[in-house]
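Quick notes on the structure that follows.
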Amino acid sequence: MNSTRTRRVLGSAAATAVAALSVGTLAVPAHAAGPVLSLEVGSLIQIQGEPTTQPQFGENVFLRIGRTGTAAVQGAKLTLDTTGLEGVAVLTASGGRCVTAARTITCDLNNLNSPNVNLTDHLWLSAVPGVKPGTRGVVHAALTAPGTESANKDFAVEVGGAVFRTAEIPLREHAKVGSTFSPAVRFANRGGVSAARAVVEVMLLPGLKVENWPSNCEYATDQGQIGKEGFGTPIATTHAICTVEGEVLPNEPVRLNGLDLTVTSEAEYTFADFSVFADPNAAAAQGPALRRRLALERGTGAPATLTRDSAEGIPSGYPDINGHFTEQEVLADNGADFGLTGTWTPDASGRAGTLTVTAANRGPASIFDRSGGEGTPFVRIQLPEGAAVTDLPENCRANNRVLGEPQDRPLNKFDCEAFGFFMANGASSTRVLGVQLDEGTVPLSATVSFQNQHSDLEEGYPSAPMSWDPNPENDRIKVALRSLPTPEPTVPDHGAGTPVEPVAPVVPASAADSTGSGSGGGATGTTGGTTAIATTTRTGTGTTWTTGAATLDLADGGELADSGRGDAVPLAWASATALALGGAAFLTSRRLGRRRS
């Protein structure tokens, strides 16, 4: 994953209060200062030493503009003064909103309605013929609009200077937790002049760490900036800037040494990013922004070094926009137990209540999904006929499709978001649904399962195929919403001699053991002030649930009476350890099949 350009929006000025006296005493409303404009562009833009034709929609100057506040800014203009590029390079804009007069480009942006957005006018720099490699010029950029505070930025342009291009790093498979290795960070100087040093920026995801950072590296932990910038779940990453002094000649290939990575217990799929620059202020460099945002600490280990290496696999020619970047991917022999639990909490009537479902990553690995959602599970709740949702959370939705095709009737099926693309060890999410049950004594239960985006498109997805999960038994559970009534022995009426059979109350089922171990434990619950004790025993043919004086037999592989819809997926029950009357708990089952991606 390529590092993103750090975005900076200038803060607005403080509002000032103004009071005035007129005929009578009138208070004039507070008057706020106008919006503040922002303009961001790399301090140094490097281009190749020969004139280059602009490709269709191509650009090599990436400039971002914005404004504070929420209202659109009218009449915004971007001015690019290129006088300082004389004899060095030519800057053009081909987006249709810009005109060029002499050495000045003016872009009429009119309605600026974003706090931070890319300029879309295809700015392109091309070298002047015959310019000496390493020559620099400067561009002055200004963003203005009536009634606003303008933004100004100068940026340098270097033609044919030292610039690095990296080789791909082979995927590391079957990595062992606790092992240490040296990533093959290899690159070559594809500029026309020597580089005095290499600045290596490093980003590590959870699952990788450096035990002892080299003394020429500075590092810090970032608690979730990636998530804050709109990528989803915040990820705690480690950033480092390593400055390795030493001349790198034009076209000389080198390798970084002394930066060893250790695989931690959080690794399953993870990666480390490396960006290599000849100048710390290069346009794509994150170092300046990292120094402003993080408190970097210097390492104490032996310094990292550069050694001459083979050019094999290092692309020739001047690099493209991502030519400075390479990545070490790691697949570790590790896993993460994803599990579901559910509870049913009824109201006094026993015919309404809340269904609470929790999805959790019980570790040890943190799971990172780069497949566009194919591996990121969500939670599906299938309610039976006789149950209706009365309160659905905002992050849940009804799903009335089968194999991607909408049905002409509701399916009583609901999908709830569980995780973002990063699922940290220990992460969990809980969804609470209001549910109404119809009258009656028929047992009802909800089926809860992990699913992913293929679940509605392909057969054979009784649960999300999570290749990292060594324990799929808890990926699919049942939650009892209403159990069988509890039969009571007849009570003889000694006065009249006529037996009277009391009406057995309808109470919700309590829980089964999520491990499916079938051990003979016990649980207690209360019903109207009395305590019921439930125990279980295992036989060769089934599990016996004993509740007070009543016994319910459930043969192995059978179903607890489930009056769900015909399209509900059937479950093969594992075993249960406890059934408590009137309590809130969950039932689990074996997932049918085990599918690995």
Side-chain angles (χ1 to χ4, degrees), residues 337-347 350-362 377-384 386-393 395-399 412-419 427-437 443-451 455 462-464 466 469 471-483 507-517 523 525 534 545 554 559-565 568-592:
D337 178 19
F338 276 50
L340 291 167
T341 55
T343 61
W344 168 247
T345 305
D347 64 6
R351 292 195 299 273
T354 56
L355 174 61
T356 303
V357 176
T358 298
N361 175 7
R362 299 167 183 172
F378 58 85
V379 174
R380 172 160 296 162
I381 301 166
Q382 177 69 66
L383 292 179
V389 168
T390 57
D391 185 13
L392 190 66
N395 42 20
C396 298
R397 63 177 180 83
N399 184 344
N412 230 10
K413 179 171 61 176
F414 303 90
D415 293 342
C416 297
E417 296 176 11
F419 302 103
S428 66
S429 64
T430 298
R431 305 290 178 250
V432 180
L433 289 74
V435 178
Q436 178 76 41
L437 308 181
L444 300 176
S445 57
T447 302
V448 183
S449 60
F450 279 122
Q451 302 293 335
S455 299
S463 186
M466 297 181 290
D469 191 347
N471 177 30
E473 310 300 329
N474 54 8
D475 295 349
R476 183 174 168 82
I477 65 173
K478 268 197 173 181
V479 183
L481 307 178
R482 184 167 65 205
S483 70
V507 294
S510 189
D513 174 29
S514 64
T515 65
S517 61
W545 292 358
L554 176 62
E559 288 283 328
L560 182 66
D562 175 17
S563 61
R565 308 184 63 91
V569 182
L571 297 176
W573 283 87
S575 61
T577 59
L579 177 65
L581 299 181
F586 60 91
L587 301 176
T588 62
S589 74
R590 281 187 197 281
R591 192 179 80 174
L592 288 179

Would you say the side-chain atoms of Asp415 pair up with the backbone N or O of Phe378, donor to acceptor, closer than 3.5 Å?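 Checking the backbone N and O of Phe378 against the side chain of Asp415, no donor-acceptor pair under 3.5 Å is found.
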Checking the side chain of Trp344 only, and the main-chain atoms of Leu481 only, is there a donor and an acceptor separated by less than 3.5 Å?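 Yes: the side chain of Trp344 pairs with the backbone of Leu481.
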Work out which heavy atom in Cys416 is nearest to a heavy atom in Ile381; give both atom names and the distance.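 Looking at all heavy atoms of both residues, the shortest contact is SG-CD1, 4.1 Å.
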Taking every non-hydrogen atom, the tightest pair across Lys478 and Ser445: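 Result for this residue pair: CD-OG, 3.7 Å.
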So, using side chain to side chain contact (heavy atoms under 4.5 Å, CB included) as the criterion, who are the partners of Ala359 when residues are at least two apart?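 Scan of Ala359 (side chain to side chain contact (heavy atoms under 4.5 Å, CB included), adjacent residues dropped) gives Leu340, Val379, Ala418, Phe419, Ser429, Phe450.
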Side chain to side chain contact (heavy atoms under 4.5 Å, CB included) partners of Ala352, counting only residues at least two apart: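 Checked Ala352 against side chain to side chain contact (heavy atoms under 4.5 Å, CB included); matches are Asp347, Gln436.
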For the residue pair Val435 and Thr390, establish whether any side-chain heavy-atom pair is separated by less than 4.5 Å.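 SC-SC contact between Val435 and Thr390 ruled out.
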Please name all residues satisfying side chain to side chain donor-acceptor pair (under 3.5 Å) with [X], sequence neighbours left out, ordered by chain then number.
{"X": "Thr358", "value": "Thr430"}
{"X": "Thr354", "value": "none"}
{"X": "Gln451", "value": "Ser449, Ser455"}
{"X": "Arg431", "value": "Asn395"}

Test log, rule side-chain contact (heavy atoms from CB on, under 4.5 Å), inputs Leu383 and Leu433: CA-CA 11 Å; Leu383 292 179; Leu433 289 74; 5.6 Å; no
